[in-house]
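Below, chain A is the first sequence line, B the second, and so on; all start at residue 1.
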Number of protein chains: 2
Amino acid sequence: MAMTSVQTSPLARKLSAFVTMSDVELAALEHLHRRRRSFVPGRDMVHQGQSQQAAYILLSGWVCSYKIQPDGTRQIVDFQVPGDFLGLRSVLLRTSDHSFEPIVNIEAAEVWASDLLEAFAQTPRLATAILWAASRDEAMLVEHLVGLGRRDAEARLAHFLLELGSRLTLVGMGSKEGYDCPLTQYQLADGLGLSAVHVNRVLRQLREDGLVTVREGHVAFHDYGRLVELAGFDPAYLDETGPLLK
Amino acid sequence: MAMTSVQTSPLARKLSAFVTMSDVELAALEHLHRRRRSFVPGRDMVHQGQSQQAAYILLSGWVCSYKIQPDGTRQIVDFQVPGDFLGLRSVLLRTSDHSFEPIVNIEAAEVWASDLLEAFAQTPRLATAILWAASRDEAMLVEHLVGLGRRDAEARLAHFLLELGSRLTLVGMGSKEGYDCPLTQYQLADGLGLSAVHVNRVLRQLREDGLVTVREGHVAFHDYGRLVELAGFDPAYLDETGPLLK
DNA sequence: CGCTCGATTGAAAACTGTCAAGATACGTGG
DNA sequence: CCACGTATCTTGACAGTTTTCAATCGAGCG
């Protein structure tokens with residue numbers, strides 16, 4: 001995945017889908033990408049409770065953020081895909097309450113608090129765009145919470161697969177046909193508040209109903225409309241119009 | 001940490017517990033309280049999807065924020081108690097994805113985007129303090145999500161009652177003995193992702209185990225320590241040290 | 001008084017988790 | 001090249017949790 005011109009970072013692509021970005025703002029955004037880092041699965045990028053020095057912009061690969069409970073069970077709070085920020089809030093406010101773990105090999109841009117403050121001072125519209133993206137992330141968090149509280153396993157899984165599809169489509173990595181997805185059923189289970197065994201059963205159900213197939217790292221939608229209906233998927237929370245940039 | 005000159009609002013009290021607030025900052029904060037409003041239960045303050053013109057600082061009474069699903073079920077995302085902000089993000093970013101409904105008669109201060117921007121410009125430390133409080137709110141949201149995903153009904157209810165107690169204690173409305181709480185079992189159910197019937201059963205269980213009694217608008221802790229253990233309640237996410245105020 | 005709302009309880013049904021056992025794929029060491 | 005171990009996926013049977021349905025009870029209110 002070569003990064004040749006200014007417009008190609010996933011984050012730039014995502015932000016451009018919602019707010020108009022001038023060349024100056026795009027250049028400032030690319031400048032934030034200057035410190036490249038690699039991480040491998042199996043070791044946390046940021047550990048729970050550890051106060052964080054840097055945020056990251058995910059360029060390629062998948063990450064999950066999670067919390068471990070006293071009894072050892074794990075709840076994945078969110079998955080990050082290319083174009084997503086990691087630890088944005090914590091780097092600005094010096095708080096951290098969960099861990100980040102790479103799911104596959106990842107490439108990321110390290111961003112320091114001083115980088116952000118500088119970029120925000122020089123290009124306020126970029127600041128607004130990034131904060132707006134953070135607000136959208138929180139809307140997804142709320143939707144995730146609603147799913148855990150009020151959707152049964154089938155609708156929850158369907159909703160999750162649809163939302164992930166929308167997010168990936170925004171950065172050119174998915175469509176209404178499907179997308180590549182490296183998540184194991186154990187990781188799905190930890191994200192959806194289910195057991196891995198039940199995730200497997202529900203996936204089979206969805207497949208046998210001709211709705212969606214999840215297999216060998218690929219999600220294939222077979223009947224997008226019917227899946228949307230089953231999930232009660234209303235993408236309004238993803239489609240918010242951008243902030244008023246004065 | 002006593003406040004002498006300036007009238008103390010619940011929000012001032014809460015912020016003062018975490019960051020040092022000068023008289024100037026306290027005065028600016030109180031100035032944000034100048035537009036008093038009242039609301040009554042039964043009608044939303046802000047309706048789902050409606051773009052919002054104002055935020056509110058809750059002065060007295062309880063509010064819940066919730067989302068209604070296509071199938072009609074409701075998930076309460078959070079409860080607000082005195083000293084909490086309502087719609088802070090939406091007023092700054094013109095987005096809104098859920099509804100706010102008063103649970104009892106409430107008093108609130110209406111805050112316009114221009115008020116906030118003005119206050120932030122004049123007293124940056126106040127801005128940081130408020131944004132830090134918002135970050136703490138999001139940590140609670142995450143903890144709520146973890147509870148829905150990975151705690152059974154008993155631990156979930158116990159955790160909820162404990163967290164609420166901590167929040168109320170911060171504004172002088174609760175202690176380790178208990179607190180007044182106007183929530184019905186139906187509202188608890190919608191917040192905890194349970195049925196009202198099951199909430200009732202679990203409350204009985206907790207009461208018969210000598211842990212906590214919830215009755216007639218009052219929560220009484222009988223064995224705080226054992227309840228903490230049952231809930232797996234680790235208040236670290238509430239006790240974050242304040243932001244570094246440079 | 002009749003009405004609604006909230007709390008309460010019982011019984012049955014539905015959903016989801018746990019346990020156990022295979023199956024498949026992959027990488028590593030022999 | 002094969003044997004083996006590990007990780008993931010898969011399935012069945014059973015247990016446990018939670019929901020749903022139904023009914024009762026008490027308090028507040030027009």
Side-chain angles (χ1 to χ4, degrees), chain A residues 40-42 62 64 69 71-75 101-105 147-160 180-209 212-220 230, chain B residues 40-42 62 64 69 71-76 101 103-105 147-160 180-209 212-220 230:
Chain A
V40 296
W62 295 47
C64 69
Q69 296 210 257
D71 69 0
T73 60
R74 174 172 86 152
Q75 176 66 46
E101 182 187 279
I103 288 171
V104 294
N105 291 328
L148 290 176
R150 287 295 182 223
R151 277 193 273 266
D152 67 17
E154 202 178 22
R156 206 182 298 172
L157 201 28
H159 194 281
F160 175 81
D180 290 325
C181 168
L183 303 178
T184 68
Q185 294 181 357
Y186 287 88
Q187 288 161 341
L188 286 173
D190 280 348
L192 296 169
L194 300 168
S195 67
V197 171
H198 201 56
V199 165
N200 184 284
R201 272 193 275 266
V202 174
L203 285 178
R204 174 169 55 144
Q205 179 77 40
L206 292 174
R207 184 184 344 120
E208 288 175 352
D209 288 349
V212 60
T213 298
V214 181
R215 189 164 264 178
E216 288 165 12
H218 191 78
V219 175
L230 169 68
Chain B
V40 295
W62 294 47
C64 69
Q69 297 210 252
D71 69 0
T73 60
R74 176 172 85 153
Q75 176 65 47
I76 292 179
E101 183 186 278
I103 288 170
V104 295
N105 291 329
L148 291 175
R150 287 295 182 223
R151 278 193 273 269
D152 66 19
E154 203 177 23
R156 206 182 299 175
L157 200 28
H159 194 280
F160 175 81
D180 290 325
C181 168
L183 302 178
T184 69
Q185 294 181 356
Y186 287 88
Q187 288 159 341
L188 287 174
D190 280 348
L192 296 170
L194 300 168
S195 68
V197 170
H198 201 55
V199 166
N200 183 286
R201 273 193 267 268
V202 173
L203 284 177
R204 175 169 53 145
Q205 179 76 40
L206 292 174
R207 184 182 346 119
E208 289 174 351
D209 288 349
V212 59
T213 297
V214 182
R215 189 165 264 176
E216 288 164 11
H218 191 79
V219 175
L230 169 68

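Rounded to whole Å, the distance from CD1 on I103(A) to P on dA7(D) is 17 Å. Rounded to a whole Å, the CG atom of D152(B) is 15 Å from the C1' atom of dT18(C). One interatomic measurement links the two molecules: CD of Q187(A) to P of dT8(D), which rounds to 8 Å at whole-angstrom precision. Distance CD (E208(B)) to C1' (dT9(C)): 12 Å, rounded to an integer number of Å. H198(A) places its NE2 atom 21 Å from the P atom of dT8(D), with the value rounded to the nearest Å. Regarding R215(A), its CZ atom lies at a distance of 17 Å from the P atom of dT8(D), rounded to whole Å. Following rounding to the nearest Å, L194(A) (CG) and dT10(D) (P) show an atom-to-atom distance of 16 Å. Rounded to an integer number of Å, the gap from CG of L203(B) to C1' of dT18(D) is 15 Å.
Comparing V214(A) and V197(B) by the nucleotide of DNA chain D that holds the closest heavy atom to each, the one mapping nearer the 5' end is V214(A). In terms of position along DNA chain C, the nucleotide closest to T184(B) lies nearer the 5' end than the nucleotide closest to the other residue of the pair T184(B) and R201(A).
At the heavy-atom level, G193(A) lies under 4.0 Å from the strands shown only through sugar-phosphate atoms. Residue-level contact check: A153(B) touches the backbone only, with heavy atoms under 4.0 Å from sugar-phosphate atoms and none from bases.
R204(A) has a side-chain polar atom (N or O) that falls below the 4.0 Å cut-off from OP1 or OP2 of dT11(D). The side chain of N200(B) places no N or O atom within less than 4.0 Å of a non-bridging phosphate oxygen (OP1 or OP2) of dA7(C).
Looking only at distances, no side-chain donor or acceptor of R74(B) sits under 3.5 Å from a matching main-chain atom of G191(B). Of the possible donor and acceptor atoms, one in the side chain of Q75(B) sits under 3.5 Å from a partner among the backbone N and O of D190(B). Remark: the backbone N or O of V199(A) is not paired with any side-chain donor or acceptor of R204(A) at under 3.5 angstrom.
Two residues are said to be in side-chain contact when any heavy atoms from C-beta on lie closer than 4.5 Å; L230(B) and D209(B) fail this criterion. With contacts defined as side-chain heavy-atom distances shorter than 4.5 Å, the pair L157(A)/V214(A) does not qualify.
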